[in-house]
Amino acid sequence: MAQETRKRGWRDLSISVRILIVLLIIVAALIITVTGATAADRNLPMPIPYTNETYAYHTVGRAAMLSDSSMASRLCVGDNNVDNAGVSLRSDSEHAALFSLDDHSVLYAKGMYEKIYPASITKIMTAILALKYGNMDDTVTINWQDVSLEPGSQVVGFQIGDKVKMSELLHGLLIHSGNDCAQAIARHVAGSMDKFVEMMNEEADELGCTGTHFMNPTGLHNENHYTTVYDIYLMLNEAITNDTFVNVMQVGVYDLQYENAAGSEKHVTLDATDHYLTGETDPPKNVTVLGGKTGTTDAAGNCLAIESQNAYGQPYISIVVGAKTKDALYTDMNSLLSLINS
């Protein structure tokens, strides 16, 4: 009887009222669905709003990368900022992070998904492509493109017509940060600068560097040439899987040999740009700095990305970018390195 009464009550309602009720039910269902989806997404890292100063880290791209369990299992993953009482950076303009490669943890991070300029840390990617697609036994003849650089650029000092082995160019690239080496490598490997830059961006995509865009193989400043601290970690983490890269990045002084245009053998002594390797700066006690890559431009500040080991041989990657001076850069890097034996 009660059921019959309910049916009769529904039939007694006007058509317009029935439609209104159905619509209200549909709207309520949609609200519940959207609210549930939003709650589920709260555990994902949220993007940073894009401005001229910060880059919106592509959360969707990162989530897709990490959905590959084989990749996620071997990467450090953390929040944009990870506090640690043992670290206090010298300047608000700096970004930094410390990654434990053994347990894939982030021990410290400050703005590691925010847009920064990499300066010559770019050359990590240049080296990755040189080793992946180049032949270290090839001889490269230096041409005008390789030495056409802005005044004041860091160079080895090659002249047009010099003949240099690719292996020597790699040493000049990583040890002395030679921009002439970067240009020669790019042209030889890809056939043109534009093609090499295209390869750089493709490789960055493959590594999951969703906050990176390259415009040149050197790191000389360009508004559209940028990355993030986290993407630098991804690049260095990939580079150190290559034994040749690891061997070269640890060299403090190198005697580079080549043949000039006249056929005479030439030598040039290269000092590393990394003060840890030259002995100008000492790391904290029981920390061994293996090497990495420096970078400096007016826009990027003083930058350094390195691999190191603690007293037990456990490996770490640490990155500081945007330091106002070299002294501040190495003071803050030591602040990070002091954590790896604690």
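Position 1 is the first residue of the sequence, and the numbers go up from there.
Side chain to side chain, Thr218 and Asn216 meet the donor-acceptor criterion of an N or O pair below 3.5 Å. The closest side-chain donor-acceptor pair between His225 and Thr122 falls under 3.5 angstrom. Asn224 and His213 share no side-chain donor-acceptor pair at under 3.5 Å. Using modelled atom types, one finds a donor on one side chain and an acceptor on the other under 3.5 Å when comparing Asp103 with Ser105. Looking at Thr294 and Asp274, their side chains never bring a donor and an acceptor atom within 3.5 Å of each other. Tyr258 and Glu265 form no side-chain donor-acceptor contact under 3.5 Å, judged by distance and modelled atom types alone.
Other residues sharing a hydrophobic cluster with Met215 under the 4.5 Å side-chain heavy-atom criterion for ILVMFWY residues do not exist; the residue is a singleton. Under a 4.5 Å side-chain heavy-atom cut-off, the cluster of Ile, Leu, Val, Met, Phe, Trp and Tyr residues that includes Val155 is completed by Leu149, Leu220.
With sequence neighbours excluded, the residues satisfying side chain to side chain contact (heavy atoms under 4.5 Å, CB included) with Asn260 are Asp162, Ala262, Ser264, Lys266. Contacts of Ser167 classified as side-chain hydrogen bond (donor to acceptor under 3.5 Å, both in side chains), with partners at least two apart in sequence or in another chain: none. Shown here are the ring pair (Phe, Tyr, Trp, His ring centres under 6.0 Å) partners of Tyr108, two or more places apart in sequence or in another chain: there are none. Listed by chain and residue number, Phe99, Tyr230 satisfy the ring pair (Phe, Tyr, Trp, His ring centres under 6.0 Å) test with Tyr233 (two or more places apart in sequence, or in another chain). Glu238 pairs by the salt bridge (charged side-chain N to carboxylate O under 4.0 Å, His left out) definition with nothing, not counting sequence neighbours. Under the salt bridge (charged side-chain N to carboxylate O under 4.0 Å, His left out) criterion, Glu198 pairs with Lys195, not counting sequence neighbours. Partners of Tyr316 under the ring pair (Phe, Tyr, Trp, His ring centres under 6.0 Å) rule, at least two apart in sequence or in another chain, do not exist in this structure.
Nearest approach of Val251 to Leu277, heavy atoms of both residues: O-CD1, 3.7 Å. Across all non-hydrogen atoms, the minimal contact from Thr227 to Thr212 is OG1-OG1, 2.6 Å. Contact between Ala239 and Ile124 at its shortest, heavy atoms only, is CB-CG2, 3.9 Å. Contact detail for Val229 and Ile319: the closest heavy-atom pair is O-CD1, 3.5 Å. When every heavy atom of Ser335 is checked against every heavy atom of Ser88, the shortest pair comes out as OG-N, 3.8 Å. Nearest heavy-atom pair across Thr278 and Ala272 is CG2-O, 3.3 Å.
The side-chain heavy atoms of Ile142 and Val147, taken from C-beta on, include a pair separated by under 4.5 Å. Using a 4.5 Å heavy-atom threshold, the side chains of Met249 and Lys293 count as separate. In this structure, Leu169 and Leu173 have side chains that are not in contact, with every pair of non-hydrogen atoms separated by 4.5 Å or more. Residues Val320 and Leu336 meet the side-chain proximity criterion, which asks for heavy atoms closer than 4.5 Å.
Grouping the Ile, Leu, Val, Met, Phe, Trp and Tyr side chains by contacts below 4.5 angstrom, directly or via other members, places Val287 apart from Leu290. A single hydrophobic cluster is not seen to contain both Met193 and Ile128; linkage of ILVMFWY side chains at heavy-atom distances under 4.5 Å, directly or through other members, places them apart. Tracing side-chain contacts under 4.5 Å through hydrophobic residues (I, L, V, M, F, W, Y), one reaches Met125 starting from Val248; they form part of the same cluster. A chain of hydrophobic side-chain contacts below 4.5 Å, direct or via other Ile, Leu, Val, Met, Phe, Trp or Tyr residues, connects Ile160 to Phe158. Residues Leu107 and Leu101 do not share a hydrophobic cluster, defined by chaining ILVMFWY side chains whose heavy atoms lie under 4.5 Å apart.
At least one donor-acceptor pair closer than 3.5 Å links the side chain of Lys110 to the backbone N or O of Asp92. Between the side chain of Asn80 and the main chain of Tyr113, a donor-acceptor pair closer than 3.5 Å is present. Side-chain atoms of Gln154 never come within 3.5 Å of backbone atoms of Ser177 as a donor-acceptor pair (strictly under, hydrogens ignored). Checked by atom type and distance alone, the side chain of Asn341 pairs as donor or acceptor with a backbone atom of Ala311 at under 3.5 Å. Under the 3.5 Å distance criterion, the side-chain polar atoms of Asp79 are left unmatched by any main-chain donor or acceptor of Asn81. The backbone N or O of Val321 lies less than 3.5 Å from no partner atom in the side chain of His95, so there is not a single donor-acceptor pair. A donor-acceptor pair is defined here as one N or O able to donate and one able to accept, closer than 3.5 Å; no such pair exists between the side chain of Thr288 and the backbone of Ser308.
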Any chance you could lay out the salt bridge (charged side-chain N to carboxylate O under 4.0 Å, His left out) test for Lys132 and Glu206, step after step, and finish with the verdict?
CA-CA 13 Å; Lys132 187 173 182 178; Glu206 289 182 15; 3.8 Å; yes

Hey, mind stepping through Met333 and Leu337 against side-chain contact (heavy atoms from CB on, under 4.5 Å) and telling me if it holds?
CA-CA 6 Å; Met333 183 60 79; Leu337 295 178; 4.2 Å; yes

Is there a side-chain contact (heavy atoms from CB on, under 4.5 Å) between Glu203 and Leu129 once you walk through the steps?
CA-CA 8 Å; Glu203 187 73 16; Leu129 294 179; 4.0 Å; yes

Could you walk me through whether Leu339 and Val87 satisfy the side-chain contact (heavy atoms from CB on, under 4.5 Å) test, starting with their C-alpha distance in whole Å, then the side-chain angles of each, then the deciding distance to 0.1 Å, before giving a yes or no?
CA-CA 8 Å; Leu339 299 177; Val87 178; 3.4 Å; yes

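Legend: salt bridge (Lys or Arg N to Asp or Glu O under 4.0 Å) pairs involving residues 318-342, not counting sequence neighbours: none detected. Residue pairs meeting the ring pair (Phe, Tyr, Trp, His ring centres under 6.0 Å) criterion with at least one member in residues 320-339, sequence neighbours excluded: His275-Tyr330, Tyr276-Tyr330. Sorted by first then second residue, the side-chain hydrogen bond (donor to acceptor under 3.5 Å, both in side chains) pairs that include residues 179-190, not counting sequence neighbours, are Lys123-Asn179, Asp138-His188, Asn143-Arg187, Asp146-Arg187.
More than 12 heavy atoms of other residues, nucleotides or ligands lie within 6.0 Å of CD in Glu280, so this atom counts as buried by the packing criterion.
With rounding to the nearest 0.5 angstrom, the SG atom of Cys181 is 9.0 Å from the CG atom of Leu170. In this structure, OG1 in Thr297 is found 11.0 Å from CG in Asn222, a value given to the nearest 0.5 Å. In this structure, Thr331 OG1 and Asn334 CG are separated by 7.0 Å, a value rounded to the nearest 0.5 Å. For the atom pair NZ of Lys165 and NZ of Lys163, the computed distance is 12.5 Å after rounding to the nearest 0.5 Å.
Under the 30°/60° scheme for interplanar angles, the aromatic rings of Tyr254 and His171 are found to lie parallel.
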